Each structure stands twice: as C-alpha cells, then as structure tokens.
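These notes are about the structure you will find just below.
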Amino acid sequence: MISRIDLRGDALPEGGALRDLLPRADFDVEAALEKVRPICEDVHHRGDAALIAYAKRFDGVTLGRVRVPAEALADALEQLDPAVRASLEESIRRARIVHRAQRRAPHTTQVVPGGSVTEKWVPVDRVGLYAPGGRSVYPSSVVMNAVPAQEAGVASIALASPPQKDFGGLPHPTILAACALLGVDEVYAAGGAQAVAMFAYGTESCPPANMVTGPGNIWVAAAKRYFTGRIGIDTEAGPTEIAVLADDTADPVHIAADLISQAEHDPLAAAVLVTDSVALADAVVKELQPQVAATKHIEDRIAPALAGRQSAVVLVDGLEEGLRVVDAYGAEHLEIQTADAAAVADRVRNAGAVFVGPWSPVSLGDYCAGSNHVLPTGGCACHSSGLSVQSFLRGIHIVDYTREALAEVAHHVVTLADAEDLPAHGAAVKARFGWKVPQSK
C-alpha cells in the first residue's frame with residue numbers, strides 16, 4: 001500500500017542529493033503551460049464569449065452570463081445547512097483573529113538628523129480569488145483566500161469557481177454561500193486556466209485584477225506561471241502533501257488517519273512518514289489497511305496516492321537525521337509527533353505549516369485552527385510562505401531628506417555614481433548645490 005525508503009546506516013547526503021532521495025509527485029507545469037497558452041490568449045481576444053465557450057467544452061454547461069447573480073448568492077446562503085453555516089462562521093471568526101494580527105503599521109527610521117525613510121504598507125487594489133470545483137468542493141478555500149485579503153484592506157475582491165452542471169451552471173452552492181457569509185458579492189462561474197486569464201486580462205463583465213490567489217489543478221498552476229509578471233500570484237500550488245516526523249511515542253492510529261486525510265484529496269497527493277522507529281512504521285502500515293477500507297474515495301484517490309511514488313515511509317537513524325530529512329523535503333504540512341514535540345517543531349526550518357503534537361492534526365489547520373491552508377508545495381517551502389495578510393500588501397519606502405541631510409552625503413552619492421559610470425546620477429545631486437558638491441564635515 002505504501003513503499004519504504006531506508007536511509008539508515010550511511011551518512012545522509014547534503015542539499016539536492018538528499019532531496020533527490022525523497023518521494024515527490026510528477027507535476028510538470030512547464031508541459032501544461034503550452035496547453036493553457038492558447039486558452040489564455042483566446043480569453044484575451046474574445047472575453048466573456050471565450051469563457052462561455054470553455055464552460056460548454058470543459059464543464060458541459062451553457063451559460064447565459066459569467067457573473068453569478070446576487071440572488072443566487074442569497075439563495076445559497078438561505079438554503080445552507082445550519083450546521084455547515086455555523087462551522088463556516090467559526091472558521092471565518094478564527095481566521096480573522098489570526099490574520100488581523102498580521103497587519104503591518106508604517107514605520108519611520110530616522111537615518112540621520114533631517115533624513116528619514118518610512119516604510120508604509122499598501123494593499124493591492126484588486127484581487128481575483130480562485131476556488132476549485134473538481135473532485136471536491138472547497139468553501140474552506142474561499143475563507144482562506146478572502147479573509148487575509150479583507151484584513152489587508154484590499155478594496156476590490158472577486159472570486160471565480162467552475163460552473164457545475166448539477167447546479168444549473170452556477171458554482172457549487174456551498175461556495176456561493178461562503179462568499180455570501182464573507183461579503184464577497186462579485187463571483188464568476190469560470191474555472192481552470194480561463195478563470196486566471198479572466199482576472200489577468202479582464203473581460204466585458206470582469207475588470208482585470210492585480211493579483212490572483214487560490215489553489216487549483218495543474219492548469220490553474222500553469223496559467224499562474226504564464227501570467228507571472230503581469231499579475232501577482234501566491235504560488236503555483238501542486239498536489240497536497242503531508243509529512244509526519246514521529247518517534248516511538250507516537251500513536252500509529254493517529255498517523256495513519258492523518259496520512260489518509262491528505263491522500264483523499266487527489267491521486268497525486270503525497271503522504272510521507274519519517275521515523276526512526278521500525279516498530280512504529282510497521283504499526284502505521286498495518287493500521288492503514290482497515291482505515292482505508294472504512295473510508296470513501298479509495299480507488300480513485302486514496303489507494304493510488306498512498307501507492308504512488310510521492311508517498312513513502314522513510315526510515316532514519318534518529319531524530320537529528322529525521323529533522324534533516326523533513327527540512328530537505330519542505331512539506332506543505334508537517335506534523336511533529338515526537339517526545340517534546342514543541343521543541344522539535346521549533347527547530348524546523350522548511351515547512352508550509354507545522355502541526356505540533358497529537359492534538360494538532362492537519363485537518364484542524366484545513367478548517368478551524370485560524371491558520372491559513374493555502375501553503376507552498378513541491379518543496380517550495382524552502383523559499384516561500386503560505387498565504388497571509390502580507391501576501392496582499394506592498395511595502396513602499398518614502399524617502400524624506402532636508403537640504404542639510406542631502407549635503408552631508410552628497411559626495412558619497414556622486415562618488416558611487418562615477419564608480420558605476422552613471423554621471424547623470426551624480427549631476428542630479430550637484431544641480432541642487434550649484435554644481436559644487438559640498439564635502440562632509
């Protein structure tokens with residue numbers, strides 16, 4: 001059901017050599033890029049007509065218009081199961097607590113008397129959010145994208161989600177209800193690369209956005225890559241990942257359940273256990289069988305995910321080696337189920353999010369921890385962060401110098417300009433002093 005990689009005995013290699021030993025899904029965004037290019041350019045040239053045509057081709061629905069009417073949002077919220085509504089409201093409440101605390105205040109640094117640099121934080125003007133609608137429906141992703149954008153102060157927020165044949169060409173009603181709860185009233189029935197293109201270029205019904213965020217399939221990831229430079233993106237999200245670093249104090253029932261919880265997303269989902277305990281490894285593998293048999297989505301998602309090359313039990317000599325392995329892997333979600341788990345978690349350098357101890361499963365973070373579940377995948381946690389308020393903010397430096405403060409440093413500016421053979425840079429300073437540069441005292 002799941003393979004083993006034995007890294008015990010010999011010294012672990014460094015850097016890329018260690019990463020190459022670890023399991024990873026095949027996710028070729030570059031190959032997908034060539035397939036999404038004509039779709040994106042078609043949306044550029046034909047606008048809403050192209051979106052309607054792709055809804056017919058890919059989703060099997062005939063749309064009269066792309067924008068979801070306001071009454072559909074209100075109806076979805078009215079008809080939402082009360083228990084689901086209460087859970088979404090609690091998820092939103094907790095996410096707001098965490099993300100509101102991430103707001104940044106302007107900060108002024110007095111460099112010298114009369115010379116200051118202020119850094120102020122300004123939200124992007126408009127963002128397009130994407131909520132997937134393929135194998136599963138993800139109202140939680142609406143929460144995780146909308147809340148940090150709102151808390152950052154983004155003035156214009158729109159959301160796209162694929163049209164659903166079962167719901168008359170509208171996005172899934174739970175997606176619409178989540179939008180209504182959040183006050184996001186600009187919603188479009190558009191999916192895949194064409195939705196990203198809609199936000200990047202704009203169409204008759206949808207103004208262009210400055211940024212696009214949200215998880216999606218490989219076509220969404222490829223479209224984000226295509227538009228990088230034109231718009232801001234959060235990340236090229238790949239298949240979901242869970243890694244668990246555990247020792248012999250961990251409960252194999254918990255670990256098996258957590259591995260399965262992420263495997264049910266997608267047949268390319270990665271489930272990795274790193275441990276120095278053979279007994280624990282054996283117990284987890286044994287526990288996987290009855291738990292998998294008792295759940296849903298076995299043949300189309302869970303079984304191929306656990307059996308795929310991206311999933312494995314990795315055996316190491318000890319905790320130090322285990323930490324090196326999980327840092328090399330850079331998991332989207334990393335659980336620490338060891339003795340003194342908090343101290344171990346504090347030593348982790350590369351992970352999208354870290355879940356400490358037996359009572360902090362990844363599922364908690366997916367919905368109600370208050371943390372964000374839009375996280376870097378594919379090892380990108382070594383250089384990228386998850387979605388947050390900062391994702392939607394731009395830092396702007398405001399430079400304010402008096403005549404005296406500029407005079408004090410003018411000769412250095414001129415010297416460095418001359419060293420770079422950019423005399424006009426120096427001349428811009430000289431002109432302010434009658435072309436005679438003052439010398440510092």
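Index from 1, following the sequence. Treat the numbers as computed from the prediction; the structure is a model and nothing was measured.
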(Q) Measuring from atom CD of Gln79 to atom OG1 of Thr174, what distance do you get when rounded to the nearest 0.5 angstrom? (A) 10.5 Å

**Q.** Distance, nearest 0.5 Å, that separates CG of Leu245 from CG of Leu273
**A.** 8.5 Å

Q) What's the verdict on side-chain hydrogen bond (donor to acceptor under 3.5 Å, both in side chains) for Glu264 and Thr295, showing C-alpha distance, side-chain angles and the deciding distance? A) CA-CA 9 Å; Glu264 76 173 338; Thr295 192; 4.7 Å; no

Q: Using the side-chain contact (heavy atoms from CB on, under 4.5 Å) rule, take Gln164 and Leu170 through it: C-alpha gap first, then chi angles, then the decisive distance, then the call.
A: CA-CA 6 Å; Gln164 305 286 314; Leu170 293 172; over 6 Å; no

For the pair [X] and [Y], find out whether any cationic side-chain nitrogen is under 4.0 Å from an anionic carboxylate oxygen.
X	Y	answer
Glu90	Arg94	yes
Arg225	Glu236	yes
Arg324	Glu320	no

Q | Backbone N/O of Ala200 and side chain of Arg230: donor-acceptor pair under 3.5 Å | A | yes

Q: Work out which heavy atom in Ala250 is nearest to a heavy atom in Ile255; give both atom names and the distance.
A: CB-CD1, 3.7 Å

Q. Taking the six-membered ring for Trp, are His265 and Tyr138 ring centroids under 6.0 Å apart?
A. yes

List the atom pairs, donor and acceptor, that lie under 3.5 Å between side-chain atoms in residues 98-109 and the rest of the protein, sequence neighbours left out.
from   : atom 1 : to     : atom 2 : distance (Å)
His99  : ND1    : Ala95  : O      : 2.7
His99  : NE2    : Asn372 : ND2    : 3.2
Arg100 : NE     : Glu151 : OE1    : 2.9
Arg100 : NH2    : Glu151 : OE2    : 2.9
Gln102 : OE1    : Val389 : N      : 2.9
Arg103 : NE     : Glu151 : O      : 3.1
Arg103 : NH2    : Glu151 : OE1    : 2.9
Thr108 : OG1    : Thr118 : OG1    : 2.7

Q | Pairs involving residues 188-201, ordered by first then second residue, that meet side chain to side chain donor-acceptor pair (under 3.5 Å) (sequence neighbours left out) | A | Glu41-Tyr201, Glu186-Tyr188

Q) Taking the six-membered ring of Tyr329 as reference, does the NZ or CZ atom of Arg24 fall below 6.0 Å from its centre and within a 45° cone about the axis? A) yes

Q. Between Thr377 and Glu241, does a side-chain hydrogen bond (donor to acceptor under 3.5 Å, both in side chains) hold up when you go through it step by step?
A. CA-CA 7 Å; Thr377 61; Glu241 304 160 345; 5.1 Å; no

Q) Where do Thr213 and Asn145 land on the side-chain hydrogen bond (donor to acceptor under 3.5 Å, both in side chains) test, with the steps shown first? A) CA-CA 7 Å; Thr213 72; Asn145 281 271; 2.7 Å; yes

